[in-house]
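The structure presented is a predicted model; accordingly, all values stated were derived computationally and were not measured. Here is the naming used below: chain letters follow the sequence lines, and residue numbers restart at 1 for every chain.
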Amino acid sequence: MKITLHMRTHRTGLFCVLCVSFLLISCFFSGCTTSTAPKNATMTRVSVSDVIIPVEDTTSITYTSSMQKAGTPTGIMEGLVIKDRDGKFDPALAESWNVSDDAKTWTFHLAKNTTWNDGIPFTCADVKFTNDYMKKNNLTMGYVLKDVQSIDCPDDNTAVFHLKTSYSFFLDQISRQPGLSISPKHIWENVTDPQHYQDTQFVGTGPFVYVQTAPGYVQLKRNDNYYGKVPEVTGIVLKTISNADSQVLALKNGEIDVVTDITPTVAQSLAGEKKISVYSINDTGAYEVAFNTAQYPANLSAFRHAMSHAVDRETISSIFGTGRPTNTTFLITGLAGNYVNPADVGMYDYNLTKAQEMLAIAGFTRNSDGKLIGPDGKPVSITIPLGSKGGSGNQKVIAVLKNDWGSLGIPITTVSYDDQTQYRKAVNQYPVFIDAFPVTLHDDPDALGNFAVTPLQETNYYNYNNNEYNALVAQLRNTTDRADLMKIGYRMQDILAQDVPTVPAVTTDTLVAYRNDRFTGWDVGPGFHSITDPRVLENLTPVQAS
Amino acid sequence: MISGKYLLQRLCYSGASFIVCLTITFFLLHLMPGDYISNYLLSLSNTLPKEIVDQFREQFGLNLPLTQQYVLYLGNILHGQWGYSYAYGQPVLSMIFGKLCWSLVLLVPATILGILIGTVIGAWSGWKSGGKKDFAVFNVMIVIRAIPEFWWAIMAVMIFAFYLQWFPLGGYASISVLSTGLDFFDVLHHALLPIILMTFFIATGNYYVMRNSMIAVIGEDYITTARAKGLDERTILWRHALKNALLPMVTITTFQCAGIIMGNIFIETVFSWPGIGYLTTQALTNRDLPLLEGIFLLDSLITIGAMLVADILSSAIDPRIRMGTDE
Amino acid sequence: MSETKGGVAGVQEQTRSVRELICISGLKVIFSSRSGPVRAVDSVDLAIREGERIGLIGESGSGKTVTGMAILGLLPVNAVIIGKIRYGDYDLLTAPDRTLQQIRGNEIAMISQNSGSSLNPVMKIGDQVAEPLVIHRICSVPDAHREAIRILAELGFDDPEQAATRYPHEFSGGMRERILIAIALVCRPHLIVADEPTAGLDAQVRARILKLITSQISGNRTLFLITHDLGAASYLCDRIAVMYAGEIVECGPAKDVLSLPLHPYTQGLIASLPSAGLHPIPGMSPSPASLPRGCRFCERCPAVLDRCDCDHPELVFTESGRQVRCFHYD
């Protein structure tokens with residue numbers, strides 16, 4: 001029967017393969033179902049008043065807690081204070097605070113009658129425990145508290161931070177992203193291996209409480225016992241939508257309530273949608289054309305000065321389509337307020353003729369081909385390293401620079417690095433680099449510490465080292481009076497304007513689109529840095545269905 | 001057909017290749033520029049606190065000489081300790097399997113269907129090569145293949161999920177999962193579109209190989225012999241041509257099956273289906289060495305296993321490949 | 001299994017001595033190629049009488065294999081075929097596929113060349129030999145296997161049962177040739193087309209295979225041997241047709257053709273045999289894409305006449321009843 005069996009076995013084989021594959025699929029399904037089933041026994045129905053926010057991947061959010069890494073779902077854990085966009089510090093777990101004259105001892109008065117969302121009262125012991133535990137276990141997140149010597153608890157509602165050295169901008173350090181999150185002592189004191197501990201409860205004090213994780217979703221509900229303003233929304237659902245285009249489609253479909261970081265083009269295309277509104281969170285990011293002052297030709301102050309007039313900030317800003325040119329020496333006007341030295345505003349006006357004249361005075365000449373010849377007699381050409389931080393924005397800045405600097409006889413080439421550490425090394429080898437930074441790092445004189453060389457910071461990106469400037473930064477740390485801070489800050493900005501280690505180019509905005517038939521309140525309030533800021537979420541109001 | 005001695009010998013070879021893979025993976029990853037802690041800290045601020053970096057390196061033994069790290073690592077792997085992810089602190093294996101099971105939901109059916117469909121159409125097309133139908137199918141396949149998978153996926157989402165709303169936009173399950181738990185049909189509904197797309201893609205790849213293989217077989221003398229016997233064309237195709245044409249497919253498809261574990265980052269991104277491909281990309285960006293090592297090792301293991309299976313399968317189909325005999 | 005069979009062509013009624021099993025008339029096979037049409041076979045007329053053993057000899061490219069393939073209807077689809085091949089009531093060139101399939105293997109079988117590649121490498125010998133019996137529904141599958149083993153034994157396999165379960169690559173070239181012969185013979189066909197059955201075999205094996213073919217082709221079985229091996233042809237054949245550049249140039253009883261060749265080409269062929277002193281014919285056969293206007297052999301012919309260059313000779317009968325295509329015999 002061998003020959004006729006051939007065909008039969010073929011078909012039987014095919015059938016078997018199909019059966020096996022079906023079985024396998026079923027097994028995987030059931031496997032996934034059991035392994036990722038909600039851990040809470042009581043399941044909560046998603047009510048329509050839950051805000052649905054897209055995230056790239058929900059699973060990675062819940063792998064770690066704030067003790068181990070920044071990024072626990074928003075609104076669950078809290079710190080002592082929150083810095084708003086006006087530069088003010090808002091109370092969070094600390095109701096009020098004061099600082100000693102030497103800026104070395106900080107006393108926080110903690111919110112009274114506050115409990116962790118599992119019912120245990122929150123006290124100063126938790127604050128002290130968080131610091132001690134991080135340090136004892138060498139947790140990476142401990143770097144936020146690296147200036148803290150010890151914490152005392154005179155009573156349950158008072159925490160006294162003793163710093164190693166004076167630091168007048170300490171609040172800035174513990175409030176800015178990621179900042180300090182206070183973790184519950186009663187949970188963590190039983191954890192012996194914090195590096196590998198998997199938090200499944202996320203006990204916090206914040207306005208939202210962790211409910212459950214399901215495949216592709218994380219669910220939070222509002223904390224009805226919250227000591228501050230109890231949110232009006234019933235909860236938050238984080239939904240995995242991995243790519244930006246799909247997020248916009250889901251917003252149009254009404255599957256989600258908000259999308260952040262949309263491009264100006266997408267924002268325009270959404271303009272016709274009745275149920276979708278778009279707003280802008282101004283000044284959330286910034287780009288600078290920075291110099292490595294240790295590398296020729298950027299080591300020549302005259303060269304840097306000349307080039308500061310060859311950055312066309314208007315054009316760069318128009319290419320970005322959102323945001324505006326930066327005309328200060330470094331601080332962002334919208335955020336730093338009166339910390340900005342008015343004398344230094346508009347120092348780096350765009351004027352190619354002026355740049356050319358200044359280059360000529362500094363000993364640069366043009367050869368017959370129009371190439372710029374340096375004082376060393378060789379043609380000047382500049383290679384700019386690009387990191388992953390600025391994304392496509394880097395290319396936009398470069399495009400404008402290539403044009404202008406090319407007309408001055410300086411050809412520009414670029415080299416890209418997708419790794420931060422490698423990029424950091426490259427910055428040290430080339431005279432010019434483009435840096436992108438969150439503006440939270442450029443909103444007060446302390447942020448200008450970036451340019452200093454101090455015992456804590458042996459070098460900086462710019463290889464910039466000015467003794468007077470370094471002294472001012474040190475002085476800034478132990479000055480508490482705002483008027484004095486402003487004065488020191490003004491002087492620092494003067495020095496920067498003089499030495500030009502960098503030319504700030506543009507600030508960029510974050511565009512947000514939201515369903516106006518679901519929630520309002522995204523664009524009101526003090527204006528925080530992102531849509532997932534707990535203060536934004538607290539202020540949301542559900543739209544009543546008609 | 002397969003002697004025990006030969007199998008043992010093959011297993012030893014497989015073990016040796018695993019150690020080689022492990023070594024190469026280890027050194028390549030450790031010599032990769034950039035490290036987790038610096039990248040992480042630099043993503044949070046512009047300054048890099050040296051003492052934190054040093055502390056981290058000491059904690060994870062990264063300050064030891066590379067050879068010493070390698071010996072420790074080898075010992076750990078052989079004891080079944082695959083380590084913990086730097087970025088997430090979780091055991092590498094449980095993280096991999098957590099994501100892998102979702103990737104498999106898409107890739108197992110897509111790969112099986114893709115191989116079957118590609119092989120059948122390829123065999124038919126190769127058999128009819130030169131004809132109009134073959135020409136039409138061949139060109140359709142070229143068009144499918146010439147445009148990137150990513151584009152097809154986005155178009156499919158736009159048309160079938162957004163405008164026609166036959167399928168969800170993406171994700172593993174609809175939001176009701178939060179109240180009712182996972183439902184088989186709900187997940188199937190979400191998985192269907194990506195499965196169909198990937199099936200298409202895997203099928204086109206196999207189509208070419210099978211078609212070429214079939215065209216080569218058609219010219220063989222034994223097909224003429226079969227015709228001279230008076231066999232009709234269908235019987236020649238099924239009984240004489242197909243099995244011979246399938247020989248080169250065995251190895252390719254076995255490796256395709258092994259490749260399942262690497263996931264498909266494009267499909268995972270477009271369909272918001274974070275799986276092993278997504279995990280690998282994240283681990284690579286983060287320079288999360290233990291996680292990367294785990295993923296690559298698992299891949300090596302499966303590939304080595306697949307090679308063994310391919311050998312056994314080939315010998316089962318092709319009597320000329322005799323395993324373990326003295327011929 | 002009975003020795004006689006009805007057959008599709010119903011050849012039983014005719015008398016054996018005069019009956020023509022196959023009648024090829026005006027066969028032209030043209031392949032299209034980049035350099036224009038290639039006339040592989042050009043106006044071949046040949047009758048194969050029942051029970052005879054006819055040899056078609058010629059060098060490679062002369063069109064002899066194409067002629068054999070045309071009889072089996074196995075020419076590739078891109079070939080243009082003109083003429084008739086009458087087999088009983090059928091024209092093999094126009095018969096429907098279904099009919100051809102019934103004839104092939106059953107009534108007309110082929111022993112193909114290249115024993116190394118003509119067997120399916122992934123099929124057991126027994127299955128391959130029994131297959132024609134099964135598809136022509138001559139007997140049941142188990143009977144077919146028994147018959148396959150019987151014929152393998154007959155063809156000199158020491159352990160046919162065991163051989164039937166093995167694969168082609170496990171056999172030597174000579175044994176594989178025997179298997180091909182077994183496949184051709186298993187249905188006891190009227191006509192066997194043997195295309196270079198001895199190609200690539202060493203002298204000893206060749207002799208054994210030839211002996212085997214002689215012993216197997218007996219009675220009213222007809223052999224159509226295609227070869228360039230004159231020795232094999234003289235050993236096996238009653239009648240020989242010589243082909244040159246797509247044409248038959250000489251045809252006659254084997255003994256006569258080999259002992260007293262008429263056509264200069266045949267003479268040259270015989271002179272080039274090692275036994276005759278190895279005198280090769282100078283020059284090359286004309287390319288079938290650009291054939292000369294006159295006699296196709298005239299460029300190489302030692303006895304060329306004036307008219308050979310422009311006139312094309314016809315195949316004519318000599319007084320002795322032989323056929324030759326040469327102006328010397330006009």
Side-chain angles (χ1 to χ4, degrees), chain A residues 3 6-7 10 14 17 21 24-25 28-29 31-33 35-38 43-46 52 57 59-60 63-64 68-70 138 140 142-143 146 177-178 195-198 212 214-217 219 237 239-243 245-246 249-250 253 255 419-422 424 437 441 450 457 461, chain B residues 33-35 37-52 55-56 59 84 87-91 95 97-99 101-102 104-105 108-109 112 116 154 157-158 161-162 169-173 175-179 181-182 184 187 238-239 268-270 272-274 278 282 287:
Chain A
I3 293 177
H6 262 277
M7 271 301 294
H10 263 300
L14 246 146
V17 170
S21 61
L24 280 172
I25 298 164
F28 288 131
F29 272 121
C32 293
T33 320
S35 68
T36 47
M43 292 195 199
T44 319
R45 182 164 289 278
V46 180
I52 306 169
D57 179 28
T59 21
S60 57
Y63 275 137
T64 50
Q68 297 145 321
K69 201 186 174 198
N138 289 333
T140 304
Y143 91 91
K146 63 182 190 296
Q177 291 295 336
Q195 300 279 7
H196 304 142
Y197 171 72
Q198 178 158 26
Q212 62 168 327
Y217 297 92
Q219 189 184 18
V237 172
K239 179 177 164 66
T240 300
I241 303 184
S242 312
N243 92 343
D245 296 329
S246 300
L249 291 180
N253 263 3
E255 276 181 35
D419 180 76
Q420 279 291 342
T421 321
Q422 228 185 342
R424 178 70 188 86
F437 47 88
L441 298 178
N450 265 354
Q457 179 179 307
Y461 272 59
Chain B
D35 67 301
I37 188 68
S38 309
N39 281 5
Y40 179 60
L41 291 174
L42 282 170
S43 75
L44 295 178
S45 81
N46 266 351
T47 52
L48 192 61
K50 201 169 169 297
E51 67 276 14
I52 304 289
Q55 171 194 308
F56 179 87
Q59 247 168 14
Y84 293 86
Y88 305 112
Q90 299 303 307
M95 282 185 69
F97 287 126
K99 289 284 188 191
C101 83
W102 284 108
L104 292 182
V105 167
V108 168
I112 292 174
L116 284 180
I154 289 175
V157 167
M158 283 297 287
F162 185 68
L169 283 172
Y172 308 127
I175 201 162
S176 63
V177 70
L178 291 172
S179 46
L182 268 187
F184 179 83
V187 175
W238 284 101
R239 205 181 289 167
E268 285 173 17
T269 310
V270 174
S272 303
W273 194 283
Y278 176 85
Q282 287 297 305
R287 297 290 192 265

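Counting heavy atoms from C-beta on, the side chains of A/L249 and B/M158 come closer than 4.5 Å.
Contact of B/Y278 with chain A is made through the side chain alone, with heavy-atom distances under 4.5 Å. Using a 4.5 Å cut-off between heavy atoms, A/Q68 makes no contact with chain B at all. Contact of B/Q282 with chain A is made through the side chain alone, with heavy-atom distances under 4.5 Å. Interface residue B/I52: only side-chain heavy atoms are found under 4.5 Å from chain A.
In this structure, the side chain of B/Q59 engages the main chain of A/N138 through a donor-acceptor pair within 3.5 Å. Not a single donor-acceptor pair under 3.5 Å links the side chain of A/T64 to the backbone N or O of B/Y88. A donor-acceptor pair under 3.5 Å is absent between the side-chain atoms of B/Q55 and the main chain of A/T140, judged by distance alone. Proximity of a side-chain donor or acceptor of B/Q90 to a complementary backbone N or O of A/Y63 within less than 3.5 Å is detected.
Interatomic distance, CD of A/Q212 versus OG of B/S179, reported as 8.5 Å (0.5 Å rounding).
Here the shortest heavy-atom pairing between B/Y172 and A/P215 reads CD1-C, 3.3 Å. Taking every heavy atom of both residues into account, A/T240 and B/P274 meet most closely at CG2-CG, 3.5 Å. The two residues B/K99 and A/T59 come nearest to each other via the heavy atoms NZ-OG1, 2.5 Å. In plain terms, the two heavy atoms of A/A214 and B/V177 that are nearest each other are CB-CG1, 3.9 Å. The shortest non-hydrogen separation linking B/L169 to A/E255 is CD1-OE2, 3.7 Å.
For the options B/A173, B/P91, B/G171, B/G170, heavy-atom pairs under 4.5 Å to chain A are most numerous at B/A173.
Taking the six-membered ring where tryptophan is involved, the planes of A/H196 and B/Y84 are essentially parallel, since the angle between them stays under 30° and well short of 60°.
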